[in-house]
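Reviewing the structure listed below.
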Amino acid sequence: MNKEKLTKPEKYWILYDVGNSAFMLLVTTILPIYFNYLAKNAGISEVDYLAYWGYAASVSTIIVAVIGPILGTMADTRNFRKPLFTFTMILGVLGCAALSVPTSWIVFLAVFVLAKIGFHASLICYDSMLVDVTTPERMDSISSYGYAWGYIGSCIPFILSLFLVLMNEKIGLSMRSAMVIAFLINAGWWFLLTVPLIRNYRQEHFAATREHPIRDSFRRLKDTLLDIKQEKHIFWYLLAFFFFIDGVYTIIEMATAYGSSLGLDSQGLLLALLVTQIVAFPFALIFARLSKKYETDKLIRICILAYTAIALFAIQLDQQWEFWTLAVFVGMFQGGIQALSRSYFAKIIPPEKSGEYFGLYDICGKGASFVGTTLVGVVAQVTGRTNSGVSALAVLFLIGFFLFCKSARMNRERSR
């Protein structure tokens, strides 16, 4: 990043990452433990608990995968991006707060699905805002700053929530009361850190408003899909991204659920995942610096192979120290693979259609983890072993690796 200070639009854009990341950290840490608490009270087995949690995550991402491309294309229409972003953000925030209400595990999962739909849908609009808040030469750095500060900033409400959950009896709260407060803290944090962006954001790049903007969005989406068929390097990249980022998000979403199903100490699991966030902060910035010295596609390949090794290591995991080791290595490569994947994609697409292309990109990324979560759940139930479910993720990474190599080769040939 150059020595220029961050502009207000850049700061407010980064601030939303800090706000929404609190919800994602809650989903990957405390939520599965609370769901386990509700499921055990209902007599649900540990294998079924992991499977149902995976199925719920899959349902939410499938729904976003269906509505996401249209939402992304509509967001390119003049004066549509901010209202769509506001609506989906509020859906997520209210869903997060509403998680404090259900006492039934199945109702809890239903509310969880709604909250995740709002979260993922808001990110489609959020990512497309990048072209409006900064210049092309600063996009890589601003994107990395978003991930980096999102990791470290989300630790604040997480630590407060962790204190309430782990110390609930000592401070005179029931588990349920502690969770209610934790949900409200995270919902409030998410909303308050979004307000500056909503108040100050201006859509600079847009498609002209038509008489029928929604119908026109379908037409423009069709044109974009036809363009991708012609731009094979983009097509193969999106396919590769679907597989390898699917594995990344499955690990993020199901790490605590996996550790809990193995009977590992809940307190140790939560603290280990806090370490993941702290480690991810500097490494996201380190990878941003490395991208200035080395080809981005080479760094992405390293990250994918590292995640393959992480998935293979997790197969035999049954000790607390092994989970801590896993948490550190995930943190080292999590920020890098997310930030570099986004900036690499920005470099290979037509800049005048960035909103529409990023709508599809977000579906492949944030909305595609249903394959991994469903795979883990099905394999775990079929084999009766949670370790077997995690082993399937290594296959996703390997597929993603070979497809990415194909895309990178095409892109290099095209650039000659």
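Count residues from 1 along the sequence.
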Inset, instruction - Flag the pair Met175 / Tyr37 as yes when at least one side-chain heavy-atom distance between them is below 4.5 Å, and no otherwise. - result: yes

Show me, pair by pair, the donor-acceptor contacts under 3.5 angstrom made by side chains of residues 93-115, not counting sequence neighbours?
{"residue": "Ser100", "atom": "OG", "partner": "Ala97", "partner atom": "O", "Å": "2.7"}
{"residue": "Ser104", "atom": "OG", "partner": "Ile106", "partner atom": "N", "Å": "3.4"}

Legend entry - Evaluation steps, side chain to side chain contact (heavy atoms under 4.5 Å, CB included), between Ile30 and Met179: CA-CA 9 Å; Ile30 297 175; Met179 288 303 305; 3.4 Å; yes

Inset, instruction - With the side chain counted from C-beta on, respond yes when Leu197 and Met129 share a heavy-atom pair under 4.5 Å apart, and no when they do not. - result: yes

Inset, instruction - Would you give the length of the straight line joining atom CD1 of Ile245 to atom CZ of Phe397, rounded to the nearest 0.5 angstrom? - result: 8.0 Å

Inset, instruction - Supply the atom-to-atom distance Thr134 OG1 to Leu6 CG, rounded to the nearest 0.5 angstrom. - result: 8.5 Å

Inset, instruction - Indicate yes or no: at least one non-hydrogen side-chain atom of Lys82 is less than 4.5 angstrom from one of Gln203. - result: no

Legend entry - Gap between atom CG of Leu31 and atom CH2 of Trp53 - 0.5 Å precision: 4.0 Å

Inset, instruction - Before giving the answer on side chain to side chain contact (heavy atoms under 4.5 Å, CB included), spell out for Leu285 and Arg289 the whole-Å C-alpha distance, their side-chain angles and the decisive distance to 0.1 Å. - result: CA-CA 6 Å; Leu285 300 180; Arg289 286 182 174 272; 6.0 Å; no

Residues 294-315 side chain polar contacts: donor-acceptor under 3.5 Å, at least two apart:
{"residue": "Thr296", "atom": "OG1", "partner": "Lys347", "partner atom": "NZ", "Å": "3.3"}
{"residue": "Asp297", "atom": "OD2", "partner": "Arg412", "partner atom": "NH1", "Å": "2.8"}
{"residue": "Thr308", "atom": "OG1", "partner": "Ile304", "partner atom": "O", "Å": "3.0"}

Inset, instruction - Could you walk me through whether Phe244 and Ile337 pass side chain to side chain contact (heavy atoms under 4.5 Å, CB included), step by step? - result: CA-CA 9 Å; Phe244 72 73; Ile337 198 168; 3.7 Å; yes

Inset, instruction - Run the ring-centre check on Trp149 versus Phe281 and record whether the distance is less than 6.0 Å. - result: yes

Inset, instruction - Quick one: pull up CD1 in Ile234 and OG in Ser407 and give me the separation to the nearest 0.5 Å. - result: 8.5 Å

Inset, instruction - Using a 4.5 Å cut-off on heavy atoms from C-beta on, say whether the side chain of Ile124 contacts that of Thr88. - result: no

Inset, instruction - Return the minimal non-hydrogen interatomic distance between Ala284 and Gly335, and the atom names on each side. - result: CB-CA, 4.1 Å

Legend entry - CG on Asn20 to CG on Leu15, rounded to 0.5 Å: 10.5 Å

Inset, instruction - Check Ala339 against Ser144 and note the closest heavy-atom contact, atom names and distance. - result: CB-OG, 3.7 Å

Legend entry - Student check: side-chain heavy atoms of His233 and Glu413 closer than 4.5 Å: no

Inset, instruction - Anything under 30° is parallel, anything over 60° is perpendicular, the rest tilted; go ahead and classify Phe287 against Phe283. - result: tilted

Inset, instruction - Find the distance between OH (Tyr12) and OG1 (Thr194) and round it off to the nearest 0.5 Å. - result: 13.5 Å

Inset, instruction - Might you point out which heavy atoms bring Asp132 and Glu204 nearest each other, and give the distance in Å? - result: OD1-N, 3.1 Å

Inset, instruction - For Glu169, look at atom CD and say whether over 12 heavy atoms of other residues, nucleotides or ligands are found less than 6.0 Å away. - result: no

Legend entry - Side-chain H-bond candidate by donor/acceptor type, Gln334 with Thr276, under 3.5 Å: no

Inset, instruction - Report the relative orientation of the aromatic rings in Phe345 and Tyr237; use parallel for angles under 30°, tilted for 30 to 60°, perpendicular for over 60°. - result: parallel

Inset, instruction - Check whether any side-chain N or O of Ser128 sits under 3.5 Å from a backbone N or O of Cys125 as a donor-acceptor pair, and report yes or no. - result: yes

Legend entry - Closest heavy-atom pair and its distance - Trp189, Gly153: CZ2-O, 3.5 Å

Legend entry - Atom OH of Tyr55 with >12 non-hydrogen neighbours under 6.0 angstrom: yes

Inset, instruction - Could you walk me through whether Tyr16 and Leu123 pass the side chain to side chain contact (heavy atoms under 4.5 Å, CB included) test, one step at a time? - result: CA-CA 10 Å; Tyr16 182 69; Leu123 290 178; 4.2 Å; yes

Inset, instruction - Give me the one residue out of Tyr344, Phe401, Tyr361 that meets ring pair (Phe, Tyr, Trp, His ring centres under 6.0 Å) with Phe241. - result: Tyr361

Inset, instruction - Could you pull out the closest heavy-atom pair between Cys155 and Ile278, with the gap in Å? - result: SG-CG1, 4.3 Å

Inset, instruction - With sequence neighbours excluded, tell me which residues meet side-chain contact (heavy atoms from CB on, under 4.5 Å) with Val133. - result: Pro9, Trp13, Leu130, Tyr201

Inset, instruction - Would you check if Val279 and Tyr151 make a side-chain contact, meaning some heavy-atom pair closer than 4.5 Å? - result: no

Legend entry - Minimum-distance pair of heavy atoms, taken over all atoms of Asp246 and Thr250: O-OG1, 2.7 Å

Inset, instruction - Answer yes or no: is there a side-chain heavy-atom contact under 4.5 Å between Leu160 and Asn186? - result: no

Inset, instruction - Compare all side-chain heavy atoms of Trp190 with those of Leu26 and state whether any distance is below 4.5 angstrom. - result: no

